[in-house]
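A short worksheet on the structure shown next.
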Protein chains: 2
Amino acid sequence: MTEKTVSGAEWSVLRIVWTLGSCTTREVIDTLQNESDWKDSTIKTLLKRLCDKEFLTTTKQGRQFTYQAVVNEQTAMNQTAVTMFSHFCAMKQGQTLIELIEQEKLSRSDLQKIEKLAHVRAMTAPEQVDCNCLPDGTCD
Amino acid sequence: MTEKTVSGAEWSVLRIVWTLGSCTTREVIDTLQNESDWKDSTIKTLLKRLCDKEFLTTTKQGRQFTYQAVVNEQTAMNQTAVTMFSHFCAMKQGQTLIELIEQEKLSRSDLQKIEKLAHVRAMTAPEQVDCNCLPDGTCD
DNA sequence: TAGTATAGTTTACATTTGTAAACTATACAA
DNA sequence: TTGTATAGTTTACAAATGTAAACTATACTA
């Protein structure tokens, strides 16, 4: 039951499928070649691997495939992000979030949600979060 | 000038070095074996690779190495996070941040900083952020 | 119907990563 | 001085990843 992961190149392909919705190999290739110089074969390989890993399913019409994403894009993004954070020192995660909020382009409504959420969570938040980098102890 | 990357296993080793500060191979091995079942050789290999990639430098005393991290932990975390976000649909990044703020254990003071920052940024934020998944267009 | 342009499949191959055994050199103990 | 426990180096090897050529099957054209 090894958790399948999406590689970097595969992620690019998935984004196209998520965005186009149900689409053919040809559509994926044409769209991707607009922003990369991957050969047709390369993209076909990536699509195949995503099917093998069950991130995509297909429907056939004649000899052609139509792909559908199995996972929802937002869900995949969130999971990827949470997983990445799980490899970070707990004590320093807040600062990384701050950096992201500073760096990323965000809509007013998302920022307002964030503001509200942070406000609410702050009311029951611990004074500090300990470093979990060592079995025992604290860093810094 | 290919950007060197830190693999998952290497990240675990780096965390130890960041936390212990200047430390010997033996200290890294003992610490890591407390939480994993990697063999000595495995850890030595990872340390070597991190030196090759110049994420660590060494000082020698006698035949022994002492390692120092070249990059700052917080900086590395932030960069990793920003890079990851750059592979995400711009329109949906806000929601991922919200998810992280919901999921992660955060200190009151970090949450307060986030609240304040979001408030300030909201004042000049765009009404919406467009999807950048396709060369041209919008998803959803 | 024969030919050709495609869609999909197979094979390929270098690099990175996870994982570690085997080997070499040396500091220190007896 | 010699042996032994370690520190470090070399070699190994499978799986994952990036990248793609070569091949096969088939739908449609002429």
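Salt bridge annotation for B:Arg26-B:Asp40: present, with a cationic side-chain nitrogen under 4.0 angstrom from a carboxylate oxygen. Electrostatic pairing of A:Lys4 and A:Glu54 does not count as a salt bridge here, judged by no charged N lying under 4.0 Å from a carboxylate O.
Summarising the geometry, the separation between CD on B:Gln61 and P on C:dT26 is reported as 17 Å, rounded to the nearest angstrom. Distance, B:Gln64 CD to C:dT26 P: 13 Å, rounded to whole Å. Between A:Ile29 atom CD1 and C:dA5 atom P there is a gap of 17 Å when expressed in whole angstrom units. Between the CG atom of A:Asp40 and the P atom of D:dC23 there is a distance of 17 Å, given to the nearest Å. One interatomic measurement links the two molecules: CH2 of B:Trp11 to P of C:dT17, which rounds to 14 Å at whole-angstrom precision. Across the protein-nucleic acid pair, A:Lys48 atom NZ and C:dA12 atom C1' stand 15 Å apart, rounded to whole Å. For the pair A:Asp52 CG and C:dG8 C1', the interatomic distance rounds to 13 Å; values are reported in whole Å. Going from atom CD of A:Glu10 over to atom C1' of C:dT16 covers 15 Å, rounded to whole Å.
OP1 or OP2 of D:dT17 sits under 4.0 Å from a side-chain N or O of A:Lys53. Contact annotation: A:Thr25 side-chain N/O to C:dG8 OP1/OP2 distance is under 4.0 Å. In this structure, B:Ser7 reaches the C:dG18 phosphate: one of its side-chain N or O atoms is under 4.0 Å from OP1 or OP2. A close approach under 4.0 Å does not occur between any side-chain nitrogen or oxygen of B:Ser41 and OP1 or OP2 of C:dT19.
B:Arg26 comes within 4.0 angstrom of sugar-phosphate atoms only, judged by non-hydrogen atoms across all strands, and of no base. Using a 4.0 Å heavy-atom cutoff across all strands shown, A:Gly8 reaches sugar-phosphate atoms only and no base atom. Within the 4.0 angstrom heavy-atom criterion, base atoms lie near A:Thr42. B:Lys39 comes within 4.0 angstrom of sugar-phosphate atoms only, judged by non-hydrogen atoms across all strands, and of no base.
In the set C:dT17, D:dG18, D:dG8, the nucleotide with an atom closest to the side chain of B:Thr5 is C:dT17. Checked against C:dA20, D:dG8, D:dT19, the side chain of A:Leu46 finds its nearest nucleotide in D:dT19. Comparing D:dA20, D:dA27, C:dT19 against the side chain of A:Thr45 picks out D:dA20 as the nearest. Closest to the B:Lys44 side chain, of the nucleotides D:dT9, C:dA12, C:dA20, is D:dT9. Proximity note for A:Phe65 (side chain, C-beta onward) versus D:dT19, C:dG8, D:dA5: the nearest is C:dG8.
Residue B:Val71 comes nearest to B:Trp18 through the heavy atom pair O-NE1, 2.8 Å, listed as atom of the first residue, atom of the second, then distance. B:Asp110 and A:Met91 get closest at one heavy-atom pair: OD2-O, 4.5 Å. Taking each heavy atom of B:Lys53 and B:Thr5 in turn, the nearest pair found is NZ-O, 2.8 Å.
No hydrogens or angles were tested; on distance alone, a donor-acceptor pair under 3.5 Å links the side chain of A:Arg49 to the base of D:dT19.
None of A:Val70, A:Leu56, A:Thr57 except one satisfies the side chain to side chain contact (heavy atoms under 4.5 Å, CB included) rule with A:Cys51; the exception is A:Leu56.
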